[in-house]
Amino acid sequence: MKTGNRPSDPGRGASHDDRSEPPELRNDPGDGTARHATTDPVDRNLLDIAKQTSGVMTSRAVGMAIGFASNIVFARLLGAELLGVYVLASTTLLFLSLLASFGMGHTFVRYMPVSLSRNDRAAAAGVFRLGTRTVLVSSVLFGLLLLALRRAVAGPIFHEPLLLPILPIVALGTVGATFQLVLGHTLRALKRTAQESFCLEIVNKTAKLVLFLALVAAGMKLAGITVAFVAAYFVSAVTMLALIGRRAPFLFRGPSRLPVPVREIAAFSSMMLFVGFMNYSLSISDRMMLGILGTSEDVGIYNIAFLISNVMAMVFMGFNSSFAPVISELYHNDRSSELRSLYSSLTRTILLIVVPAFCWLTGFGDDLLRVFGDEFADGYIALVILGVGVVVRCTVGTVGTMLVMSGHQKFNAANIVIVTAMNVGLNIVLIPRYGLLGAAIATAVSVSLIDIVGLLEVRLLIKIHPYRRAFLKVLLASLAALAGNVALRAVTPALPPVAILGILAATYALFVGLLALMGLEREDRLLITKAISRIRRRG
């Protein structure tokens with residue numbers, strides 16, 4: 001295994017984590033994150049990641065509520081045509097910010113945690129300052145490029161003349177959107193993913209809604225929503241900047257140096273830019289292909305099924321973002337045993353959260369879809385198929401991030417290229433025959449394949465995997481919960497939302513009860529004890 005600059009020392013375990021972290025980066029009562037009583041480094045990392053993920057999920061839940069309310073307001077005040085123009089403008093800005101970031105956000109998560117774990121603040125500052133200077137220049141250049149090509153974008157590309165007067169505003173927003181992206185990854189590198197999510201989900205969306213309402217009151221509609229979503233990126237980026245300055249002021253002042261040659265950083269960031277672009281393409285290819293090869297009705301039904309399945313995937317993504325800097329720190333400091341144990345514990349924890357929800361959706365997903373309208377119940381089978389893909393992803397764990405953070409990003413990039421091409425091919429073959437079910441099958445197969453291949457690569461390259469005998473208890477509890485929901489569905493009519501939410505709670509209770517009967521694992525008791533302790537303190 002690659003060891004970085006320090007020799008392997010299996011005995012460093014617990015003490016290394018405490019002594020190597022800079023004082024201003026240690027958890028202390030001053031920021032509400034006091035160190036946990038346990039001295040085991042795996043337990044401590046597990047609790048820290050769980051706490052950060054809890055904050056991420058809370059912010060995302062609030063953000064979803066704000067986003068839902070905002071979309072209702074936007075749709076009613078703008079109308080379908082102006083809302084469509086806004087979607088084109090925001091999509092353009094998202095694409096430009098992805099390119100302008102040059103993969104620097106992932107570079108921060110890759111290199112900064114390792115430097116900080118070695119108390120090398122100058123190296124962390126060097127990476128941060130190089131990255132921020134790079135994205136400042138690139139975001140300005142991409143903004144100027146959009147400004148110069150605005151007539152081509154509004155005309156031959158989108159055929160939408162209403163875009164022309166607002167594209168200069170979008171060009172200005174390239175700087176704010178790009179910095180929101182890379183500064184968010186900086187918070188992630190500092191193991192503050194909850195703060196990243198707070199800025200993305202609450203600060204940004206709230207600022208956009210409030211500014212839009214104020215500008216609409218002043219008589220601005222399309223220009224108002226454009227100014228609002230551009231300004232919201234700057235508000236969010238400035239908030240992130242303040243949080244970073246408070247958490248790690250040495251990133252902005254004091255000595256700096258690069259921990260590795262510039263060419264290595266450039267190679268990694270360019271690879272991650274390519275990976276990000278391919279991931280973006282993979283995430284939208286099913287709906288794009290369904291729109292081309294299917295019907296608008298299929299797209300609408302499929303999109304709702306996809307969004308519901310994506311709620312389960314949010315749990316995985318929350319843990320993934322919190323785990324990324326820890327992977328880099330442990331792997332490059334040759335703490336493989338801790339990484340193996342933490343990988344296993346987190347994978348099992350993700351399954352404990354996601355699997356009961358999948359069992360519930362398998363039984364009562366059609367009733368949930370009817371909340372959006374009776375016609376959306378036609379997406380039930382597609383929802384279950386997409387759910388299978390999410391469960392497979394959760395079962396193998398954070399393999400893509402594991403490859404990237406351990407320096408094997410080329411394998412991850414190759415996986416994404418191959419699977420994206422396969423996804424497009426499957427959509428072309430399956431959608432004309434099976435409609436939205438074909439799109440769901442193509443997506444589930446593609447997502448499952450990329451994760452299974454990634455799992456094998458992690459096993460071969462890093463010599464670890466997440467599985468142990470405790471996973472058999474999860475399997476048995478899952479089968480029982482699934483059978484219970486399917487059997488209950490068979491003897492009940494269509495149910496109202498309150499009833500199906502009650503069944504969801506009962507499913508989790510059954511799942512946890514079965515695990516308790518079979519014997520809770522040590523990490524289960526650790527997380528439950530910590531959760532109860534926090535509830536008592538707040539009570």
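Quick caveat: nothing in here was measured; it's all calculated off a predicted structure.
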*How about E457 and N412: does a side-chain donor come under 3.5 Å of a side-chain acceptor?*
no
*Which value, rounded to the nearest 0.5 Å, describes the distance between F102 atom CZ and L273 atom CG?*
6.5 Å
_Pair F252 + F128: ring centers closer than 6.0 Å_ = yes
*Got a sec, which residues hit side-chain hydrogen bond (donor to acceptor under 3.5 Å, both in side chains) with S269, two or more places apart in sequence or on another chain?*
none
*Is there a donor-acceptor contact under 3.5 Å linking the side chains of D120 and S115?*
no
*Calculate, to the nearest 0.5 Å, the distance between atoms CD1 and CD1 belonging to I416 and I450 respectively.*
5.0 Å
*By side chain to side chain contact (heavy atoms under 4.5 Å, CB included), which residues pair with H185, not counting sequence neighbours?*
H106, V109, L181, R188
*asked:* How about CG on L449, more than 12 heavy atoms from neighbouring residues, nucleotides or ligands closer than 6.0 Å, or not?
replied: yes
*Please round to the nearest 0.5 Å and tell me the distance separating atom CG of L243 and atom CZ of F198.*
8.0 Å
*Should the heavy atoms of other residues, nucleotides or ligands under 6.0 Å from CZ of F142 be counted, would the total exceed 12?*
yes
_E338 and Y343: side chain donor to acceptor below 3.5 Å_ = no
*asked:* Closer than 4.0 angstrom, basic N to acidic O: yes or no for E196 and R192?
replied: no
*From L183 atom CG to I244 atom CD1, the distance as rounded to the nearest 0.5 Å*: 4.5 Å
